[in-house]
Amino acid sequence: MLKTVIVGGLLLGSLACAGASWKQSAVAEGQIERPDGPSLFFRVFGTGADTAIVLHGGSLHQGYLIDPLTPLLAGRTLIFYDQRGRGNSAAVADTSQLSFGADVSDVEAVRVHFKLERAALVGHHWGAAVAAIYAARYPGRVSRLLLLSPFPVIYSWFYELNAVPADSAKYRQLLADLKPEVTVDQAPVYCGRAWPVFFSPIRPDVGTPYDEMARAVCDFPADRIVTSQRTTRVVQRSLGQWVFRPELNPVDVPTLVIEASGSPLVEEAATRWAQHLADARVLLVPPPYLFPWVGDPTGFADAATAFLSGGWPAGSVRPERWVPPSF
């Protein structure tokens, strides 16, 4: 049973941050237990009045985002959680309980658990898509949306992004490392070598610090590494041939899309998100793409902080709304 404490006006779980490897220690962590879904593991950082909920990439976990985002903590509370069946959240054996829609509804479970009227959402890749659609389905619950290298907004972009020029030598190594079945004993080594394929079909940029990022990306239970690819396949398959535009068009929440420059296809895919939202801008930062906090950590933190504090960072651009082509 969790011991509850009040921190920064929020109802939080047990204090358990001993041994944390993060630059900033968590003020609370625990499991969100609920009768109608699997438990969700969370960590809370900071005690500021403004609150943001952080959503990680699809088959990953919260840990790799903690160090890059803790510079945003001044005057703010950040709630990180592992999406269902991933990281340290409860395992999900029934694949019918794994879907994009379930990931969206879990954001509401997190909001309710922490008794938040509204919160900003910070999402990376798959988590960015979940955050944006949550804003569409739960109007009035989101104050601002910060979308970092978001997942393709339409299924056709999933195939377009296969054409992005990238680190061909690394990609050949990744393909050689792929295995149809990975044992629990093999999982940590496998993840350390092959984790960039978790972001398929976008091949890794030549500037991606593979080895440096591997420790944080792969720092979750080995048995979950084994099931992560299954989880990814199931939740992505639940989208079918997805087209998010109809749900996004009515959303008027201030939104900032941050992506790295250098690849026209990647830039266009990121810009398309902003073109579908009523009050959105795009900020292009130094490479590598997919991980926009890597190339210029200070610049990234300054831009994200400016946005979450209610402004628009220098260099952000509002694109023209996207109009479907007429034939």
Side-chain angles (χ1 to χ4, degrees), residues 4-13 15-17 20-30 32 40-57 61-83 106-124 127-128 130-132 134-135 138 140-150 216 253-258 279-281 283 285 291-294 296-314 316:
T4 58
V5 295
I6 300 294
V7 179
L10 302 176
L11 182 66
L12 304 178
L15 293 173
C17 57
S21 61
W22 320 114
K23 295 174 184 176
Q24 175 101 13
S25 294
V27 298
E29 67 178 46
I32 299 174
L40 302 172
F41 176 71
F42 71 86
R43 289 189 185 97
V44 179
F45 293 80
T47 58
D50 291 337
T51 302
I53 299 172
V54 180
L55 291 83
H56 62 75
H61 62 106
Q62 60 182 272
Y64 74 101
L65 288 174
I66 292 176
D67 281 355
L69 297 185
T70 49
L72 313 184
L73 280 173
R76 188 169 288 110
T77 297
L78 296 180
I79 300 171
F80 295 78
Y81 75 97
D82 291 340
Q83 293 163 35
D106 285 345
V107 183
E108 177 67 357
V110 174
R111 184 195 68 80
V112 170
H113 176 82
F114 289 104
K115 305 185 185 306
L116 299 170
E117 183 65 27
R118 294 203 312 164
L121 299 183
V122 180
H124 178 227
V130 173
Y134 173 83
Y138 293 84
R141 298 304 189 188
V142 179
S143 58
R144 298 180 86 75
L145 279 171
L146 178 57
L147 309 182
L148 310 177
S149 300
V253 174
T255 303
L256 179 65
V257 179
I258 302 183
D279 187 16
R281 298 189 185 187
L283 178 66
V285 298
F291 310 104
W293 55 86
V294 169
D296 179 8
T298 300
F300 167 81
D302 289 347
T305 297
F307 174 71
L308 292 175
S309 299
W312 294 104
S316 59

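From a predicted model like this one, the values you see are computed outputs, not experimental measurements.
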Between Arg141 and Glu117, is there a side-chain N and carboxylate O pair less than 4.0 Å apart?
yes
Mutual orientation of the aromatic rings belonging to Tyr134 and Tyr138 [parallel < 30°, tilted 30-60°, perpendicular > 60°]:
parallel
Mutual orientation of the aromatic rings belonging to His124 and Phe291 [parallel < 30°, tilted 30-60°, perpendicular > 60°]:
tilted
Verify side-chain contact (heavy atoms from CB on, under 4.5 Å) between Gln62 and Gln83, making sure each step is shown before the conclusion.
CA-CA 8 Å; Gln62 60 182 272; Gln83 293 163 35; over 6 Å; no
Hey, would you say the His113 and Phe42 ring centroids sit under 6.0 Å apart?
yes
Are Tyr81 and His56 close enough that their ring centres sit under 6.0 Å apart?
no
Taking it one step at a time, do Val54 and Ile79 satisfy side-chain contact (heavy atoms from CB on, under 4.5 Å)?
CA-CA 6 Å; Val54 180; Ile79 300 171; over 6 Å; no
With Arg144, which residues qualify under salt bridge (Lys or Arg N to Asp or Glu O under 4.0 Å), at least two apart?
none
Any side-chain heavy atom of [X] within less than 4.5 Å of one from [Y]?
X	Y	result
Phe300	Val294	no
Leu145	Val142	yes
Leu146	Leu121	no

Rounded to the nearest 0.5 Å, how far does CD of Glu108 lie from CD1 of Ile53?
9.0 Å
Point-to-point distance, once rounded to the nearest 0.5 Å, from CG of Leu256 to CG of Leu283:
6.0 Å
Partner residues of Thr255 under the side chain to side chain donor-acceptor pair (under 3.5 Å) criterion, sequence neighbours left out
none
Test ring-ring contact (aromatic ring centres under 6.0 Å, His included) applied to Phe80 - qualifying residues, sequence neighbours left out:
Phe45
Counterpart residues, side chain to side chain contact (heavy atoms under 4.5 Å, CB included), relative to Asp302 (two or more places apart)
Thr298
Residues two or more places apart in sequence or in another chain: which of them pass side chain to side chain contact (heavy atoms under 4.5 Å, CB included) with Ala109?
Arg34
Given the rule in the side-chain contact (heavy atoms from CB on, under 4.5 Å) test, do Leu40 and Val110 qualify, once you have shown the distances and angles that lead to the verdict?
CA-CA 8 Å; Leu40 302 172; Val110 174; 4.1 Å; yes
Quick one: side chains of residues 305-314, donor-acceptor pairs under 3.5 Å with protein atoms, not counting sequence neighbours, listed by atom name and distance.
from   : atom 1 : to     : atom 2 : distance (Å)
Thr305 : OG1    : Ala301 : O      : 2.8
Ser309 : OG     : Arg76  : NH2    : 3.2
Ser309 : OG     : Thr305 : O      : 2.7

State whether the side chain of Asp82 and the backbone N or O of His61 hold a donor-acceptor pair below 3.5 Å, judged by distance alone.
no
